[in-house]
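Everything below concerns the one structure shown next.
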Amino acid sequence: MPQLSLFEASETVLTDDERGRVAYTPRFVPASLACRWFADLRGGVAWNAERRWMYDREVDVPRLTAHFALEESEGEAVPPESVGEVVRQAARHVIGATGVPFTGVGLNFYRDGRDSVAPHNDHLNVIVEGFPIALLSLGATRRMTIRAKEPPRRVFHVDLENGSLLMMSYATQLHYTHGVPKTNEPVGERISLAFRVQTPPSGGAAGDPYR
């Protein structure tokens, strides 16, 4: 099972074939800037504590969430002024480096090792076909597991460090799941920003692609 080192400064490509491309770039954002963005978002975002139906019962989502449109759009929330500049700065940095016209960002706040996201692929009905997903990590390092759905069942473990960027092509959502498992190890707080090109809302917000 391939595992990436945190000490590779340039982009590392985990896989790039007919089932999709996944690439990881540590230190995509300087540590000092990443820490400043983390502090501003942690204190400025109105975080949502959600509940969802799983296995015939309603459960707490094991993390706090928020979602913003990057441009004003009917039916979608835009970031409040208190955090808007941070979100726009982060978006400009990611868009400028990748050339992808991202339109929305989903935020997840992992408070400790008990917070997690189960293995999943993004819901394809709310992202535009052909465009990748960019995941910017701020704060403490957490491990992501990326697992192929069909044989050969390749598994990648990626330690997402402060200021890193993980890029997943659209095709990976068809052929892989990704998740951040719980851990008993002592870990600090982490915020992730998942940038997506989202389908225009019809009668409401595009919603959380993790659902």
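- The nearest pair of heavy atoms linking Pro26 to Glu161 is CB-OE2, 2.5 Å.
- Placement of Met168 and Leu160 within a single hydrophobic cluster is found when ILVMFWY residues are connected by side-chain heavy-atom separations under 4.5 Å, directly or transitively.
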Inset, instruction - Show your working on side chain to side chain contact (heavy atoms under 4.5 Å, CB included) between Leu64 and Asn48 and close with a plain yes or no. - result: CA-CA 5 Å; Leu64 302 181; Asn48 299 313; over 6 Å; no
Would you give me the side-chain donor-acceptor pairs under 3.5 Å for residues 32-41, sequence neighbours excluded?
| from | atom 1 | to | atom 2 | distance (Å) |
| --- | --- | --- | --- | --- |
| Trp37 | NE1 | Gln89 | OE1 | 3.1 |

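- In this structure the side chain of Pro101 never reaches within 4.5 angstrom of the side chain of Ile95, judged on heavy atoms.
- Between atom OG of residue Ser192 and atom CG of residue Leu138 there is a gap of 8.5 Å, rounded to the nearest 0.5 Å.
- Residues Lys149 and Leu174 form no side-chain contact, since every pair of their non-hydrogen atoms from C-beta on lies 4.5 Å or further apart.
- For the salt bridge (charged side-chain N to carboxylate O under 4.0 Å, His left out) criterion with Glu189, the lone passing option out of Arg63, Arg111, Arg42 is Arg42.
- Residues Leu166 and Met144 meet the side-chain proximity criterion, which asks for heavy atoms closer than 4.5 Å.
- Hydrophobic clustering (ILVMFWY, side-chain heavy atoms < 4.5 Å, transitive): Val100 and Val29 are in one cluster.
- Checking each of Arg21, His175, Arg154 against Thr15 for a side chain to side chain donor-acceptor pair (under 3.5 Å) leaves exactly one that passes, namely Arg154.
- In terms of heavy-atom proximity, Gly139 sits nearest to Asn162 at N-OD1, 2.9 Å.
- Within the 4.5 Å cutoff, no side-chain heavy atoms of Arg143 are placed close to those of Val158.
- Applying the side-chain hydrogen bond (donor to acceptor under 3.5 Å, both in side chains) rule to Ser169 yields no partners; only residues at least two apart in sequence or on another chain are considered.
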Inset, instruction - Output, in order, the C-alpha distance, side-chain angles, deciding distance and verdict of side chain to side chain contact (heavy atoms under 4.5 Å, CB included) for Phe195 and Leu70. - result: CA-CA 9 Å; Phe195 293 93; Leu70 296 178; 4.1 Å; yes
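- For the residue pair Asn125 and Thr199, the shortest heavy atom distance occurs at O-OG1, 3.2 Å.
- Taking 4.5 Å as the limit, every side-chain heavy atom of Tyr24 sits out of range of all side-chain heavy atoms of Leu165.
- Aromatic ring centres of Phe28 and His93: separated by under 6.0 Å.
- By the 6.0 Å and 45° rule, Arg19 stacks over the aromatic ring of Tyr176.
- Both Val22 and Val180 sit in one connected hydrophobic cluster of ILVMFWY residues. Membership requires side-chain heavy atoms under 4.5 Å apart, directly or through other members.
- Shortest non-hydrogen contact noted between Arg190 and Ser137 is NH2-OG, 2.9 Å.
- Side-chain contact between Glu129 and Leu124 is absent, with no heavy atoms from C-beta onward closer than 4.5 Å.
- Put simply, the side chain of Thr141 never gets that close to the backbone of Asp159: no donor and acceptor are under 3.5 Å apart.
- The side-chain hydrogen bond (donor to acceptor under 3.5 Å, both in side chains) test applied to Thr145 returns His157, not counting sequence neighbours.
- For Asn184, the CG atom is loosely surrounded, since the number of other residues' heavy atoms within 6.0 Å does not exceed 12.
- Rounded to the nearest 0.5 angstrom, His178 NE2 and Thr172 OG1 are separated by 7.5 Å.
- Shown here is Arg92, whose CZ atom has more than 12 heavy atoms of other residues, nucleotides or ligands within 6.0 Å.
- Under the side-chain contact (heavy atoms from CB on, under 4.5 Å) criterion, Thr183 pairs with Arg142, Glu185, Val187, sequence neighbours left out.
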Inset, instruction - Might you work through the side chain to side chain contact (heavy atoms under 4.5 Å, CB included) test for Glu85 and Val87, ending with a clear yes or no? - result: CA-CA 5 Å; Glu85 186 54 33; Val87 171; over 6 Å; no
Legend entry - Gln173/His120 under side chain to side chain donor-acceptor pair (under 3.5 Å): CA gap, chis, key distance, verdict: CA-CA 8 Å; Gln173 304 307 305; His120 68 284; over 6 Å; no
Inset, instruction - Check the pair Asn108, Ile191 against side chain to side chain contact (heavy atoms under 4.5 Å, CB included), reporting the backbone distance first and the verdict last. - result: CA-CA 6 Å; Asn108 286 294; Ile191 293 173; over 6 Å; no
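- The shortest distance between side-chain heavy atoms of Ser164 and Arg27 does not fall below 4.5 Å.
- The two atoms that bring Ile133 and Phe102 nearest to each other are CA-CE2, 4.5 Å, heavy atoms only.
- For Ala90 against Leu193, the heavy-atom pair with the smallest separation is CB-CD2, 4.3 Å.
- You'll find the side chain of Tyr110 stays beyond 4.5 Å of the side chain of Asp112, heavy atoms only.
- Atom-to-atom distance recorded for Leu135:CG and Arg196:CZ is 8.0 Å, nearest 0.5 angstrom.
- For Phe109, the ring pair (Phe, Tyr, Trp, His ring centres under 6.0 Å) partners at least two apart in sequence or on another chain are Trp47.
- Judged by distance alone, the side chain of Lys182 and the main-chain N or O of Gly113 form no donor-acceptor pair under 3.5 Å.
- Qualifying side-chain contact (heavy atoms from CB on, under 4.5 Å) partners for Pro119, counting only residues two or more places apart in sequence or in other chains: Thr177.
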